[in-house]
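Here's the structure, in structure tokens; my notes come after.
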Amino acid sequence: MAKMEDWLSKLNKEQKEAVLENEHPLLVLAGAGSGKTRVITTKIAYCIKELDYNPWNILAVTFTNKAAKEMKERVLEMLPEEDPNSFNIRTFHSFGVWLLRRFSSEAGLQPGFTIYDDSDSLSLLKTRYSSMTAKELRPIMKSILKAKDMGLTPFSTKLSEVSNEPNFARFYEVYENALREVGNVDFADLITIPTRLMDENREVRDFVQRRFKVILVDEYQDSNVAQFEMLKRLVGPDTFISVVGDDDQSIYRFRGAEIQNILSFPKVFKDTKSIVLGQNYRSTKNILNLATSVIAHNTNRHPKVLRTDNQIGSRPQLYYVDDEMDEAATVYSLLVRANNFNNSAILYRTNAQSSAFETLLTKRHIPYKIVGALKFYDREEVKDALALLQLFVNSRDIVNFRRMINKPARGIGPTSIKKIEQFLPDTNGDVFEAIDIAIESKVLSAKCSTNAKQFVTTMKESYSMIEDGSLGDGVKYLLDKMGLITYYMNEDAKNHTFKVDNLNQLVNAISEYQSSTAGLLAFLEEVTLDRTTIGTEDPAQGDGVTLITMHNTKGLEFEDVYIVGLEESLFPSGMNSDDDDGIEEERRLFYVAATRARENLYMFCAKSRRVWGRMEYDRVPSRFIDEINARDIEVIGSRPRTPTANSWDAKANKYLNRGQYGLLDEKRKTHAPRHGVHHERSTPNIYKNSNNFPQDASSLIHKGFKKFEFEKKEAGNNSYSVGDRVNNKEKGNGTVISSVDNRGREVITVEYDSGKIAKYISKFAKLTKL
DNA sequence: ATAAGTGACTTTTTT
DNA sequence: AGTCACTTAT
């Protein structure tokens with residue numbers, strides 16, 4: 001109890017009020033840096049310690065995976081004795097999957113359903129509109145997903161708000177039917193299907209409402225209509241509901257975020273109590289003034305003033321720089337001067353902006369970590385591997401079937417694929433059965449039959465390896481036997497890429513999951529729902545400067561913040577500059593970015609910048625710069641001259657050695673960036689991969705786990721022979737019944753005494769000879 | 001059926 | 001700069 005009082009004593013009046021309220025629905029309007037996460041975490045602790053709730057009675061929903069992770073950590077800090085797994089602290093989407101896995105059959109899904117990302121959705125739409133191009137279909141697909149986020153069905157009259165396409169409703173309906181036939185879901189489904197399920201199925205609704213007695217929603221201003229609808233279903237007559245948000249920080253309108261959700265909350269939940277947190281504990285007065293002066297230009301907001309007792313602090317600085325390299329060099333020199341890498345963050349509007357910083361920081365051995373921007377799972381070879389795995393768990397996945405049945409080319413062209421697919425209606429959509437029937441019906445050529453059969457067989461073999469042994473082995477075998485490894489080895493040799501290495505990393509990451517279909521599903525779920533953070537270090541921990549998009553900084557704070565690329569069409573984004581709503585959203589993003597800073601705020605505006613591979617000169621400074629009160633900012637430099645030197649190195653060295661603003665000269669020699677840092681570990685060697693994949697995969701995925709490698713070449717020298725007796729810790733004793741050489745790799749089949757049969761790559765088999 | 005080569009197009013933020 | 005769709009040659 002003393003502990004509880006201790007926690008409460010750290011709160012101000014409003015915060016305490018928010019924690020103690022446990023009767024009425026609660027709406028907390030919390031300004032930036034007003035301690036809302038502390039309120040939520042304390043509230044969770046209070047519910048458990050004082051109100052006797054079980055951790056599992058509590059559902060805390062946030063908007064991003066990072067926020068969820070952070071909240072979980074902070075709750076566990078307060079309640080170290082609790083089991084981390086008993087808490088449901090999740091994103092809306094991961095909560096949706098959690099529920100759907102439990103009730104997949106009730107929801108009409110394949111038990112092994114996987115989640116389609118946007119490109120999968122597009123491919124699916126293409127299977128139904130084969131004569132249309134991706135270019136034509138993409139905007140339609142985007143509109144469909146947006147409509148779903150807005151809670152609209154194909155039959156809603158409001159569909160016209162989403163798309164001008166005359167047949168839009170029809171497209172939407174066709175897409176939905178296709179998705180249901182496949183048995184998979186898209187992101188929006190993770191919200192809408194649970195909602196529908198709770199409407200239609202009493203048992204599910206009762207289960208949820210009985211289980212969750214306390215529901216807390218963070219970043220509520222970013223919820224969309226579909227999520228609000230789900231929330232309404234989750235709240236039963238006895239559920240305590242509390243939401244926390246700030247309309248000034250709503251930055252996901254593009255994804256359907258609806259500020260109205262805040263306004264209508266009190267209307268939907270009767271007797272709502274509203275509490276405003278207006279005290280900022282994070283930033284200096286100067287930083288807060290700057291942020292306030294900019295956000296005040298938004299007309300569509302609730303006017304409010306944040307107050308702080310913090311010091312005035314140093315004045316935020318704006319640097320005019322030549323181009324993105326000069327920008328990086330200037331940031332670098334400031335970083336070195338401050339020598340406070342772990343508490344510094346570089347914030348940019350688009351992920352592509354990170355590369356100039358990566359290049360320079362790598363070169364100068366400054367430790368850094370990139371949050372998000374993970375294109376890893378979008379890479380061709382990785383998507384191929386994931387496609388095979390998705391097909392593996394859901395044999396009705398027509399999208400991934402089409403992607404992989406003839407990749408690498410195995411003589412099954414469009415005609416043959418059509419022949420196979422004509423049997424799909426007979427097999428309830430199961431592609432493997434369809435292949436079998438096609439082969440039996442002898443509609444395929446001999447070569448085609450053989451290879452299609454081999455495709456199915458390889459899948460089945462991997463299945464037994466996964467169920468009986470190691471997930472890593474099974475996946476490795478699958479990729480290898482499908483010919484992907486050989487295919488990408490050739491590609492690598494030709495193009496100097498490192499695709500096989502990336503596949504290795506993927507296998508390594510998978511190996512940490514349980515060896516079963518369930519483990520594989522868990523892995524696939526993790527990579528689709530959290531593709532920005534998987535394998536990366538938590539930004540709150542570890543060494544180095546944080547490189548991060550402004551969107552990703554929600555809920556984070558840093559002593560020193562560097563906002564880069566303050567130029568029209570970049571920030572505010574050109575895509576969002578057409579209307580006032582778009583500009584206001586960008587302005588809120590600026591507000592979010594600026595209020596991440598505790599002590600020092602630096603801003604940068606370049607005169608030229610390379611955009612989409614082209615040099616753009618005479619860039620216009622961001623309008624947000626002009627919206628800052630002159631007294632709140634110190635401007636350094638004016639419109640700089642156009643650089644003369646052209647080569648990267650010449651330019652970089654020019655800036656680095658002299659430093660345009662002379663920042664380096666006195667500091668650089670004395671303050672070599674030591675700071676107890678291991679460069680090798682913290683700084684990915686970004687040029688290991690030459691093909692514009694800025695991060696070395698190994699730094700992103702489960703560092704240091706180097707169990708698997710696809711060998712480049714290896715002579716077959718069999719170590720097992722038929723008849724050998726072997727033992728596996730889990731499976732017991734067995735006999736080797738076959739041993740074959742597969743491109744230099746020995747593949748053995750073991751028949752266990754239990755009757756089970758398993759295949760292994762002998763080199764990796766966990767077997768002892770008897 | 002496939003490999004290689006050409007040309008057009010991209011263009012934000014995240015679950 | 002890179003990807004993707006399309007063309008042409010084998």
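Each chain gets a letter, A, B and so on, in the order the sequences are listed, and its residues count up from 1.
- For B/dT14, the OP1/OP2 oxygens have a side-chain nitrogen or oxygen of A/Thr549 closer than 4.0 Å.
- Heavy atoms of A/Arg410 sit under 4.0 angstrom from primed sugar atoms or phosphate atoms, though from no base atom.
- Rounded to whole angstrom, the span from the CD atom of A/Glu380 across to the P atom of C/dC4 amounts to 8 Å.
- The aromatic rings of A/Trp98 and A/Phe95 lie parallel to each other, their planes meeting at an angle below 30°, with 60° marking the opposite boundary.
- One atom, CD of A/Glu219, and another, P of B/dT15, lie 12 Å apart when rounded to the nearest Å.
- Taking the ring axis of A/Tyr591 as reference, the NZ or CZ atom of A/Arg588 does not stay both within 45° of it and closer than 6.0 Å to the ring centre.
- Between A/Lys383 atom NZ and C/dT3 atom C1' there is a gap of 14 Å when expressed in whole angstrom units.
- Across all strands, A/Thr415 comes closer than 4.0 Å only to sugar-phosphate atoms, never to a base (heavy-atom distances).
- Comparing C/dA5, B/dT15, B/dT2 against the side chain of A/Asn406 picks out B/dT2 as the nearest.
- Atom CD in A/Glu586 sits about 8 Å away from atom C1' in B/dT13, given to the nearest Å.
- Ionic pairing of A/Arg623 and A/Glu627 is not present here: no N-O contact between side-chain nitrogen and carboxylate oxygen is shorter than 4.0 angstrom.
- For A/Met575, taking side-chain heavy atoms from C-beta onward, the closest of the listed nucleotides B/dT12, B/dT14, B/dT15 is B/dT12.
- Nearest-nucleotide positions on DNA chain B place A/Gly411 closer to the 5' end than the other of A/Gly411 and A/Asp149.
- Note: CG (A/Asp581) to P (B/dT12) measures 20 Å, nearest angstrom.
- Contact annotation for A/Lys126: backbone-only contact, meaning every heavy-atom pair under 4.0 Å involves sugar-phosphate atoms and none involves a base.
- Of the candidates B/dT14, B/dA3, B/dT12, B/dT12 carries the atom nearest the A/Thr350 side chain, counting heavy atoms from C-beta on.
- An aromatic stack links A/Phe254 and the base of B/dT13, using centre distance under 5.5 Å and interplanar angle under 30°.
- Relative orientation of the A/Phe590 and A/Phe624 rings is tilted, given thresholds of 30° and 60° on the angle between their planes.
- Nucleotide B/dT2 holds its P atom 9 Å from the CG atom of A/Asn451, rounded to whole Å.
- As judged by a 4.0 angstrom heavy-atom cut-off over every strand, A/Tyr252 is placed among residues touching the sugar-phosphate backbone only.
- Toward the 5' end of DNA chain B, the nearer of the two residues A/Ile412 and A/His551, judged by each one's closest nucleotide, is A/Ile412.
- One finds no salt bridge joining A/Arg403 and A/Asp120 here, because no Lys/Arg side-chain nitrogen approaches an Asp/Glu carboxylate oxygen to under 4.0 Å.
- Comparing atom distances between the A/Asn351 side chain and each of B/dT12, B/dT13, C/dA5 picks out B/dT13 as nearest.
- Checked against B/dT15, B/dT10, B/dA1, the side chain of A/Pro414 finds its nearest nucleotide in B/dA1.
- Contact check, A/Asn576 against B/dT13: no side-chain N or O comes under 4.0 Å of OP1 or OP2.
- In this entry the distance linking CD1 of A/Ile405 with C1' of B/dA1 reads 15 Å, nearest Å.
- Regarding A/Arg138, its CZ atom lies at a distance of 10 Å from the C1' atom of C/dC4, rounded to whole Å.
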- Evaluate the criterion salt bridge (charged side-chain N to carboxylate O under 4.0 Å, His left out) for residue pair A/Arg349 and A/Glu586; output intermediate values, then yes/no. CA-CA 10 Å; A/Arg349 180 64 178 81; A/Glu586 297 284 318; 2.7 Å; yes
